[in-house]
Amino acid sequence: MRRAAAPLCDGGRTRKGPAGWWLALPLLGASPGLAAQDQPALDIPSPPADADLPATEPVIDDEEFDSSIPDLVAEDDPELDRPMESIAEFERRIAAEQGEIEDMLPLGDPTLADGDAVEAIADAPIRDAELVAPLPPLESFDVAPVEFAEAANDEETVEVAYSVSLTGLDEADRETDANLRDMFKDFSALRRGDGNAANIAQVAARLREDTTLVERILASEGWFAGSVETRIDRSDTREVTAVIEVAPGQRFSLGSITLDAGPVEPTDLLRDNFPLVIGEPIVATRVQAAEALLAFALPQNGYPFAELGQRDILLDRETGEGEYSLPVETGPRARFGAIRTTGKLAFDAAHIEVLKRFERGDLYDSRDIDDLRQALVATGLLSAVSVRPERSGEQAEDGTEYATILVEQTAGPPRSITASAGYGTGEGFRVEGSWSHRNLFPPEGALIASAVLGTEEQGASVTFRRSNAGKRDRTFQLTAEALHSNLDAYEAYTGRLAALISYDSTPIWQKPFTYAFGVQLIGTNEQDFDPATGGLVRQTFFIGGLTGQVGIDRTDSLLDPTRGFKATMLVEPEGSLDGGFTFYTRAQLDASAYLPASENLVLAGRVRIGTIQGIERFELAPSRRFYGGGGGSVRGFGYQELGPRAVLDNPRFDPTDPEETASPFLYRPIGGRSLVEAAAEVRYRFGDYGVVGFVDAGQVYEASTPDFSDIRFGVGVGARYYTNFGPLRVDFAIPLDKREGENSFALYIGIGQAF
């Protein structure tokens, strides 16, 4: 229903005065019977001296006005030189013109213009002496002086305290799952004002805004016929009350549901994916969710070109029901067709064929399109990409239509430089940097050069990596590296060549099963402990071997799992060429499990078992032995500190110096052929923060099979800050039953949970 607009003025005769009054302005001209020169002057009082009148300025100055008047030249207009007519001539001309008007009167009756005060109207004479009476003088009128309103002073504005009273929603709240009162509090202008306003007008404005809000809230839950009454109660001298009284009225429900669409396959596709039912209340969120579900379901079931029209709900106020109708244009049923790509290409359509998970002729499913889009983003080679279907007009044998998949891509910068720096109590300072060209050998053939410079490690490497090598998520990698390590356990100069094919989880896709296999050649010169002499010797080792790994992951997150389990088995058959060929096998099993004890509490545990079979410990290169201790092992102990160790004389110890504080002995880890580790954590999260308590246990053994003796323990607490890419971790731990040469505590900082 439209409201008629009120007139803004009465024929141009009303205007708003400066003080807010509505004034009637008389029409210009002299009053009847009073010549202009006989009118007495009105005594209009001047405004008070202290009145705050608005300042006025001339529109244009006199000089500009004079210059804008054109010069009048007689030659241009002959009428300028013609003499003016006399008053007598003017009166005669006017009388003649008046006579012409009289001749035009109805029936030629001249009585309306004869000046007689008695006129015959409908044969009845009418006399009115006032028609010929003189006008009263202006001095006889009682004219009140004009009073100018003083301007409002902002300093005199008094702030108003107010409260809000909302009644009538309780009955509606009982009929719906939504809390209408809470919805009002979340969006109320009065609530946002915190009970303070500059003046009553501001309270009234907020009240009007909240009136509209309440009406919208009621309508969103099906109350279309409700009424809202508001007022401002000033009975309390300390504060006013903004009163909102609601009468929800009748709640409307769905009386009929009509989906106006052509035939689809299967025939119940539309109804099965449209959850609204007859008789349920007309709730806006339910209606929108049902339409969204239908819009998703159609492209997931072979209708990529489906479009939903504008809904129509016809309300019947007598029955309280609404007739819902929705036009649906399904378009043709389609199957996946060819792939076409345009734009600034990072790779061609043939490589996109490798990334997709569907085949030509498969029924169209928009989820496969979303998956392909994510795979394209995961390559890291595109700054912009879109994937959408387009009609081809090519018919399939079953009457469906092939849909061409159009990939629009924009290649991003292929080169990148990364750097990182850090410090660890067990590893000292460490700086790493790398340069990479991610598409030097298209498609997705990357060349990576990296270097590390640290207190205990220095080295460089070159890697060729082919991502999505012939198959989605499969990686082929060749690596050549040279590394110098100076650790407490050993010092080594190592060169390594390796080739690896892997199928791993990524930040976008966490895979339930993973694998890796490859080959490596190692040449290393290492300093080792000689048990025969009790000193240190250097040896050169040449090692060739295979690598195989399989994994299962049933957790809910890569970096912060809260439920499920995962396990990884690594097997490395190797051969040592030092003094002949010695074959041996390294194997390690890692497993962990996660149990949510409550919404914010997670119990986590892990175990690790390792063994080396077929070789004696001192025939094995020190870098290929097992070690324990550190942030990824048993916390509380230093890096590689746990396990068998040799006791050596400290060459820096001076027994003759009474102020010597250094230990007379050095404790050197010598590693072992088996290990066992376990850890348990209690993780509590509150918002973006968390705390962790943990106990770690483990030991490294000289034998190839762990005997579970002399298990060492470390305990500690940790803090977590949760980000979008995983938790930032800080752990502090101490070893129990600390022994000579061991650290008193250890601090670990990293990204992701400890396991």
Side-chain angles (χ1 to χ4, degrees), residues 456-461 463 477-502 516-550 568-590 608-629 633 639-640 642-646 648 668-676 699-707:
E456 297 184 344
E457 285 187 327
Q458 308 86 40
S461 66
T463 300
Q477 185 169 292
L478 288 173
T479 302
E481 66 178 357
L483 183 66
H484 171 242
S485 302
N486 186 15
L487 307 174
D488 291 341
Y490 57 85
E491 181 191 11
Y493 294 89
T494 304
R496 176 174 172 266
L497 294 174
L500 186 70
I501 295 176
S502 62
F517 59 89
V519 60
Q520 61 181 348
L521 297 174
I522 301 173
T524 179
N525 179 269
E526 303 185 3
Q527 186 185 68
D528 192 14
F529 175 74
D530 185 358
T533 63
L536 301 176
V537 296
R538 298 199 70 89
Q539 297 185 68
T540 301
F541 301 87
F542 295 97
I543 305 167
L546 303 175
T547 298
Q549 177 178 298
V550 294
T568 303
M569 183 68 183
L570 172 66
V571 179
E572 295 179 309
E574 296 179 352
S576 175
L577 305 178
D578 183 28
F581 181 79
T582 303
F583 177 80
Y584 61 92
T585 301
R586 302 176 78 249
Q588 180 175 305
L589 173 65
D590 289 88
R608 173 181 293 168
I609 299 176
T611 181
I612 301 175
Q613 301 285 337
I615 193 172
E616 296 298 323
R617 177 173 58 176
F618 291 109
E619 295 177 357
L620 184 65
S623 60
R624 305 300 292 167
R625 301 170 189 169
F626 286 125
Y627 298 89
S633 177
Y639 180 64
Q640 297 184 336
L642 194 62
R645 57 183 182 170
L648 305 176
R668 186 183 184 95
I670 58 178
R673 292 183 295 164
S674 63
L675 88 162
V676 61
Q699 187 58 277
V700 176
Y701 301 95
E702 179 181 352
S704 60
T705 302
D707 59 15

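What you are looking at is a predicted structure, and each value in this text was computed from that prediction instead of being measured.
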Test of understanding: with side-chain contact (heavy atoms from CB on, under 4.5 Å), list the residues that count as partners of L497, not counting sequence neighbours. A480
Contact between T582 and E616 at the side-chain level, heavy atoms closer than 4.5 Å - yes or no? no
With salt bridge (charged side-chain N to carboxylate O under 4.0 Å, His left out) as the rule and sequence neighbours excluded, what pairs involving residues 518-537 come up? D528-R625
Identify the heavy atoms of S674 and P706 that sit nearest to each other, and give their distance. OG-N, 3.4 Å
Taking all non-hydrogen atoms of both residues into account, name the closest pair between A499 and L478 and its distance. CB-CD2, 3.5 Å
Counting C-beta onward and ignoring hydrogens, is there a side-chain heavy-atom pair between Y627 and P622 closer than 4.5 Å? yes
Quick one: closest heavy-atom pair of P644 and V700, and the distance? CD-O, 3.2 Å
Applying side-chain contact (heavy atoms from CB on, under 4.5 Å), can you list everything that pairs with L589, at least two apart in sequence or on another chain? M569
Between Q640 and D488, is there a side-chain heavy-atom distance shorter than 4.5 Å? no
Heavy-atom pair with the smallest gap, counting every atom of Y490 and R668: CA-NH2, 3.3 Å
With sequence neighbours excluded, give me every ring-ring contact (aromatic ring centres under 6.0 Å, His included) pair touching residues 521-547. none
Is there any salt bridge (charged side-chain N to carboxylate O under 4.0 Å, His left out) pair reaching into residues 531-544, and which pairs are they, with sequence neighbours excluded? E491-R538
Hey, are the side chains of I522 and R624 touching, using non-hydrogen atoms and a 4.5 Å cut-off? yes
Looking only at side chains, do Q613 and T611 share a donor and an acceptor under 3.5 Å apart? yes
L642 to G629 - nearest heavy-atom pair and separation: CB-N, 4.0 Å
Just to verify, what does Q588 make a side-chain contact (heavy atoms from CB on, under 4.5 Å) with, not counting sequence neighbours? D590, R608, F626
What's the shortest heavy-atom distance between L500 and A516, and which atoms? CD1-CB, 4.3 Å
Under the criterion side-chain contact (heavy atoms from CB on, under 4.5 Å), I'd like the reasoning laid out for R617 against I670: C-alpha separation, chi angles, the key distance, then a yes or no. CA-CA 9 Å; R617 177 173 58 176; I670 58 178; 3.4 Å; yes
Flag the pair T524 / L483 as yes when at least one side-chain heavy-atom distance between them is below 4.5 Å, and no otherwise. no
